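Keep in mind that this is a model prediction, so the values were computed, not measured. The chain is numbered in sequence order, starting from 1.
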Amino acid sequence: MYDYDVVIIGAGIGGLLCGATLSKEGKKVCVLEKHSVIGGCLQSFKRKGILFDTGVHYIGSMDEGQFLNQYFRYCGIIDKLSLQRLDSDVFEEIHIADKVYNYGMGQENFRNSMLESFPHEREAIEKYCRTLRQVGDLINVEHLKTGAISANGMEYMGISGSDYIDELTADVELRKALSGTVLLYGGQRHITSLYHHAMINYSNLEGSYRLVDGTQQLADRLADVITSNGGVVLTRKEVTGLNVRDSVVSSVEVNGEELFSARQVISNLHPTTTFGLLEKTPLVRKAYLSRLKSLPNTYGMFTVYLTINPGSLRYLNRNIFAYGNNDTWYAPKPMIDSADPAIFISMQPSEVNPTEAQVITILSPMFMSEFTAWSHTGIGQSGADYEEFKMRIADKLINKAAQILPGFQS
């Protein structure tokens, strides 16, 4: 006897979307989350009564009839989300050295905004737009209804986004402008696939929205779908082992003591972490595990949260990416050594006056290896050198933002 049809490990956006879908289709679902709060990068938190988001600052394909809009409508949550559409004329602003390139929302707006900056590159821009649409169409609802995920998409996974753009045009500035949002997906030269580059950019061009009142609302609404269909979403349940029976994972060990059995187990964890939980079995080859462990991780993001004095800064209904003279595709380099870091800026409007900014979030690429010296310390126990390290980086990012936003430093 199985406790559940499906146990899902991890209540981040992937685990919750998966659980909502399966529960809608009649499966008895259990989602296990080791932290006290669900959501992963969807989590929001409050400090002094002000709400801050962590990892998701806007979502695309949300206009009527578009992919994510249809998905949330299918889940029954589209009318339960508080959304604000970003500006159509400029929803993403790309700063490269002393130049600014605007992304208009929608295929036509984007094409025209690129042509304004690069009128001599019409052929390359139009080809790029066609490629975005071809990749974006791979996950349209009609394809998914046939059971095909990313139909025929392997050709786009076999070439890097940077190599494709370099082949597309010899104009170095256009290359940079087209790759101006790489911070969204940890883009690295010669590594990140064209599929990932094109899918994410196409989705955001389709219809980008902020989740007003915090991104946690999306996690909570997806959890509501699961529970309303007879499933459960449990927190403080860390999976500590995966047990195999008859050639399949049949149960998960939780907190070193509980067992949850299921017909199927789905992991939303890092692949290396997942296989590290699996009991020894001849079904998984050692060569496969060695290959998996040898693959490098991409970078994470160092984040600075800033509250803004009332009436001091206008809210911009767009997102800003800023680079120096360096390549937009991030090259591994310690943040502390970077003289001109790449940054992503997102604003949250004031609850009292939506024309004013209340919160500004600044993110910049960073590797976990830069925190090795403090990796074994607890929260609030890392010492003065840790605080000084963080503040040096924070000051560097604030100074970079001040070059872009007039009056920001005050």
Side-chain angles (χ1 to χ4, degrees), residues 40-58 93-97 180-187 210 214-215 297-310 312-316 318-326 328 330-350 356-410:
C41 287
L42 287 174
Q43 287 183 20
S44 302
F45 64 94
K46 279 191 173 184
R47 293 290 185 275
K48 298 181 180 179
I50 297 177
L51 192 69
F52 301 86
D53 293 327
T54 52
V56 177
H57 300 281
Y58 62 124
E93 189 176 289
I94 316 298
H95 292 247
I96 301 173
T181 62
V182 296
L183 299 183
L184 287 177
Y185 48 91
R210 289 202 199 288
T215 51
N297 290 307
T298 186
Y299 52 84
M301 302 296 274
F302 183 96
T303 308
V304 180
Y305 297 100
L306 301 163
T307 55
I308 308 302
N309 294 325
S312 64
L313 198 67
R314 183 169 65 93
Y315 167 70
L316 298 177
R318 66 185 66 165
N319 297 297
I320 300 172
F321 299 81
Y323 307 85
N325 290 308
N326 303 320
T328 47
Y330 186 65
K333 182 180 182 180
M335 165 75 80
I336 207 69
D337 296 334
S338 177
D340 194 6
I343 62 171
F344 167 78
I345 301 173
S346 176
M347 292 188 180
Q348 292 170 226
S350 165
E356 297 177 4
Q358 183 175 42
V359 172
I360 286 185
T361 307
I362 311 173
L363 298 94
S364 190
M366 195 167 202
F367 283 88
M368 279 301 295
S369 58
E370 299 183 58
F371 290 93
T372 301
W374 306 283
S375 60
H376 301 296
T377 62
I379 295 174
Q381 301 172 344
S382 301
D385 58 338
Y386 177 66
E387 296 301 323
E388 190 273 338
F389 174 78
K390 288 195 300 181
M391 287 308 299
R392 271 198 291 160
I393 296 172
D395 287 343
K396 188 179 294 190
L397 302 189
I398 290 169
N399 290 336
K400 176 75 174 182
Q403 297 171 15
I404 297 160
L405 301 172
F408 175 65
Q409 200 122 30
S410 61

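Note that the NE2 atom of H95 and the OH atom of Y323 stand 11.5 Å from one another [nearest 0.5 Å]. Rounding to the nearest 0.5 angstrom, the gap separating the CD1 atom in I360 from the CD1 atom in I308 is 4.0 Å. Rounded to the nearest 0.5 angstrom, N297 CG and Y299 OH are separated by 13.0 Å. With rounding to the nearest 0.5 angstrom, the CD atom of Q403 is 6.5 Å from the CG atom of D340. Between the CG atom of L184 and the CZ atom of F321 there is a distance of 4.0 Å, given to the nearest 0.5 Å. Expressed to the nearest 0.5 Å, how far CD1 of I345 lies from OG1 of T361 amounts to 10.0 Å.
Minimum heavy-atom separation, S382 to T377: OG-OG1, 2.8 Å. When all heavy atoms are compared, the tightest approach of L313 to P406 is CD1-O, 4.0 Å. Minimum heavy-atom separation, G186 to T298: O-OG1, 3.0 Å. Contact detail for A342 and P365: the closest heavy-atom pair is O-CD, 3.4 Å. Residues Q358 and S350 share a closest heavy-atom pair of CB-CA, 3.5 Å. The two residues S44 and L51 have their closest heavy-atom pair at CB-CD1, 3.9 Å.
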- Where do Y315 and M347 land on the side chain to side chain contact (heavy atoms under 4.5 Å, CB included) test, with the steps shown first? CA-CA 7 Å; Y315 167 70; M347 292 188 180; 3.7 Å; yes
- M301 and L183: side chain to side chain contact (heavy atoms under 4.5 Å, CB included), yes or no, with the steps? CA-CA 9 Å; M301 302 296 274; L183 299 183; 4.1 Å; yes
- Could you check V359 against L306 for side chain to side chain contact (heavy atoms under 4.5 Å, CB included), going step by step and ending with a plain yes or no? CA-CA 6 Å; V359 172; L306 301 163; over 6 Å; no
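Ring geometry for F389 against F371 counts as perpendicular: the plane angle is over 60°, on a 0 to 90° scale with 30° as the lower cut.
Side-chain contact between I398 and F408 is present, with heavy atoms from C-beta onward closer than 4.5 Å. In this structure, L363 and I343 have side chains that are not in contact, with every pair of non-hydrogen atoms separated by 4.5 Å or more. Under the 4.5 Å side-chain criterion, counting only non-hydrogen atoms from C-beta, I320 is not in contact with F344. Between N319 and R210, the closest side-chain pair of non-hydrogen atoms falls below 4.5 Å. Counting heavy atoms from C-beta on, the side chains of Q43 and T215 never come closer than 4.5 Å. At least one side-chain heavy atom of P341 sits less than 4.5 Å from a side-chain heavy atom of K396. Side-chain contact between N399 and Q409 is present, with at least one heavy-atom pair separated by less than 4.5 Å. Side chains of F52 and T54 form no contact here, defined as non-hydrogen atoms less than 4.5 Å apart.
Y305 has its ring centre less than 6.0 Å from the ring centre of F45.
For R314, there are no salt bridge (Lys or Arg N to Asp or Glu O under 4.0 Å) partners two or more places apart in sequence or in a different chain.
A donor-acceptor distance shorter than 3.5 angstrom exists from the side chain of E370 to the backbone of F367, with no hydrogens or angles considered.
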